[in-house]
Amino acid sequence: MAAPGKVRSEDELGMKWDRCLSDTGIKIASGIGLGIVFSVIFFRRRPWPVAFGSGVGIGMGYANCQHDFASPQLMFGQLKKIEKKASQ
Amino acid sequence: MWRASHKLSVIQNVRPRPALRPSCRRLSIRPPLRNADNPNYPPMPGKSGDQGLLKKFFALVGMGVGGALAYTWYEPEFRTKVEMNVLFAREVLHFIDKFIPPRSQVLGDKELPKIPWLAGPQSNEEKKKTPVDIQAPSKLVVAKPVDTSPSPVAPGKDAEEKAAAAKEKEKQQLKAEMKAEQQRKEKDELAQNQALELILVNVTEDASAVVALAISAMEDAVEVTAKHTQQLKQAMDDALEAGAEEKEWEALTTAHQVKTKALQAVESASQKARQQLEKLKMTVADGKKDAVTKKNKLIAETEKQLSMLNYNLSSAEGQLNKALSEGRIITEFRDLVKKGQQQFKQELESIRPDVQIGGRSGDKMTEDELNSLIAHAHKRISQLQRQLASQQARYQHDLQLALAKQCEEDGQLAAEKVVMEQRRLQEEFQMEKAKWDYQANEQMEKEMRRQLARQAAAHSDHLADVLKVQEGELRKTCMMECDGKVLDERERMRSEIVLWIARMEGIEHALESRADLEKQARKAQELWLACQALMTSLVEGQSGMTDEEKMKPLHNEVTAVAWAGNDHPFVNTITDTLPATALERGVQTEESLVTRFEKVRRMCRRVALIDERGGSLFKYFLSYAQSLFVFTMAKPLTDSDQIDPEDLNTFRLVDNAQYCLARGDLEQALRYMNQLRGMPRAIASDWIAEVRLYLEAKQATNALLAHASASGLGSLF
């Protein structure tokens, strides 16, 4: 089924995990960055905006991951895949 | 008989003459005896003056003469005797011969051999001709093959037989060969004959020349001897009458010398002639001895000539001898006369030794002398008278003796002559006989050839007719038999051909089936090979790093298999059922599948708790934690084991699959894996699909292999 270059079914989960972690990392890093900016600009270098920003990032990443893992059909059956299946 | 009469005639002739002259001997050779027709010697003693008796006498005489003449006509030997013994008989007989036909014409040729000398004159003529006709025998010999050649070929009617044409041809060939051989033989004979003839002619010429020389020498000698004898006689007569004359004696001496010389010449010539004749005789004998030249005519001629020469020589010699003996007699006579003179002289001397007769012719004799001379003369006369008386007395006796001697001599001479003549006649007879033999032989041969040719022709005609009839009959029977045989044979052949055709068909069939089998076997082998190649590429794949690279598209191999399958429906069906992915992309190798299974197993264990709808992250965490705590749950199952589907969880399925894979049972592993549910199923779906594809291809390949093996085995047995 899997065309050359396509991801194998047993590798999907790992890729999902990679995507989640990278997304979460980006979101945490952006939260920390925003927190640092807010802390420097608005809250006079208070630490909490950084924690808050990272917390928001973690939360966003988690939520995304949760959503991703919770709907495997969506994950597996992306639009392209469905189209391909339909075409077959 | 004639000797006695001869003696009588001699007595009659001699009586009137007192002295025995040598010339009378010559007369005595032909005694003038009249035998039958001598009137002084009547055959019948009865004699009377009667007229009837005279008639009877004449009739008897006439009958006797007529009988004698008839007998001379019938028996030539008697005729010769008569001619020799009766005066003028020859002339009379010749005269009579003109009026009566010769004996040979009347009596025919049958008795001719009895009287060979009748042909004497003819042979003499031929003898004269011989030098001219030397080529005649050769011509005859040359002409012979021409005469004989048609006779063997004569049965020309044989050629008409068309059926026997080949045979005839062969026969003719054989004949031609024989003819050629005969011709060659004849040629040889001809050459030999010609050589012999040449030799004979040469030798004969030489001999005749030498003999002629000898004869001329002898004639000369005879002449010289006669002359000498005559001179001697003359001299002696002169001496007796008037004393010797010197001249005559000298002439006599020269004549004697001439005679001696001539005799010597004669001796040498006759010796030469004898030698030559001997040579000729030898040559003739040689020619006769040779079988080839035996029949040559020239031999007979030559023989004849030889005998003739011999005869001539002998007669010349006889004449010479005669002349010589005459000379001897004269000499003897002279000796006798001389002796008598001597005796007379001696007597005179004994009476008067002192008287020399004729010693002194001039002186006169004394009385005494005369007396004594007269006395002596008287005495002498009386003595001579006595002597004469006694001589006269003895004369008869001596005459008788001389006559007897003469008779004897004459007889001897005559006998010699008779012997010679006889020999000559015998030779002539022999030659004539040989000639007749030859002629008769030739004629008979010719006649025989002609008869033979006629007989052969008749025989061949008859034979041809009989052969024609026989041929017809035989042809008919042969045709019938042939037809029968042909029919039988045809029937037999037909049945045999049918048999053979059936056998041939069987063999063809077997061959065809065998060929089919072979073809099938070859095809099967090819198919098997193609299938093996397919299997190899299926199992081994191709060289590459990743699993995708190791995959080999099976399109080529499957095409080869389809080609090798030769449109076999089974092969076609199987090749058609092969998935397109396997043909275009290829199938993962078993090894890579096994390797891949490890990751699939791990992932499946990690998501064992999650169903197909997915789950929260926590649930994933829990599933992972559970996987950490669950060890292997493999529980190998046999085919007979009952399986409870509820009992099968993800771990057990995966571990069993792993166990099966470790054993090489990919199918069973797939079966276990196919029982997965939920998220593990989703995880393993790709692997399952791959394995299914692989197994599908493998199964198809195995089926093809089995088919190939089966067809190959079928072709083997």
Side-chain angles (χ1 to χ4, degrees), chain A residues 1-32 51-88, chain B residues 544-551 553 579-582 584-588 592-593 595-624 627 654 673 676 678-693:
Chain A
M1 307 287 152
K6 293 283 175 180
V7 181
R8 290 174 178 180
S9 60
E10 65 261 27
D11 295 334
E12 292 280 351
L13 206 62
M15 286 183 74
K16 217 177 257 185
W17 273 111
D18 288 350
R19 207 160 53 229
C20 278
L21 285 177
S22 61
D23 188 45
T24 307
I26 288 166
K27 284 187 165 56
I28 288 172
S30 17
I32 287 171
F52 179 72
S54 65
V56 169
I58 289 168
M60 281 173 78
Y62 180 77
N64 273 341
C65 281
Q66 184 78 4
H67 188 71
D68 204 0
F69 280 103
S71 51
Q73 269 75 30
L74 192 71
M75 183 185 70
F76 290 122
Q78 282 177 354
L79 197 60
K80 273 184 183 172
K81 267 187 179 176
I82 291 163
E83 271 182 6
K84 222 176 188 182
K85 266 186 184 174
S87 72
Q88 279 184 343
Chain B
M545 294 298 288
T546 63
D547 289 346
E548 279 73 26
E549 281 171 356
K550 277 181 185 170
M551 281 193 296
T581 316
E584 288 158 9
R585 192 207 64 186
V587 184
Q588 282 200 341
S592 63
L593 282 173
T595 316
R596 190 176 167 186
F597 177 74
E598 195 51 41
K599 195 179 180 185
V600 172
R601 188 184 71 94
R602 216 167 56 235
M603 295 310 290
C604 282
R605 284 172 68 98
R606 281 181 189 170
V607 293
L609 281 179
I610 296 159
D611 62 5
E612 57 268 19
R613 289 165 303 176
S616 61
L617 274 175
F618 184 67
K619 208 171 180 180
Y620 274 100
F621 179 72
L622 277 180
S623 180
Y624 178 67
S627 76
V654 168
M673 291 298 279
L676 288 173
M679 191 52 82
R681 168 74 188 209
I683 292 289
S685 62
D686 262 10
W687 186 84
I688 286 167
E690 285 294 334
V691 169
R692 192 176 288 149
L693 190 65

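Predicted model, so just to flag it, every value in this text is computed and none were measured.
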Task: Residue-level interface, residues 56-64 of chain A with chain B, non-hydrogen cut-off under 4.5 Å - done: A/Y62
Task: Pairwise distance CE(B/M679) to CG(A/L13) - rounded to 0.5 angstrom - done: 6.5 Å
Open item on the list: To the nearest 0.5 Å, what is the distance between OH on B/Y620 and SG on A/C20?
Closed with: 10.0 Å
Open item on the list: For A/R8, is there any backbone N or O sitting under 3.5 Å from a side-chain donor or acceptor partner on B/D686?
Closed with: no
Task: Nearest heavy atoms of A/S9 and B/A682, plus distance in Å - done: CB-O, 3.3 Å
Task: Which atom of B/M603 lies closest to which atom of A/G14, heavy atoms considered - done: CE-N, 4.5 Å
Open item on the list: Less than 4.0 angstrom from a charged side-chain N to a carboxylate O is my criterion; do B/R596 and A/E10 meet it?
Closed with: yes
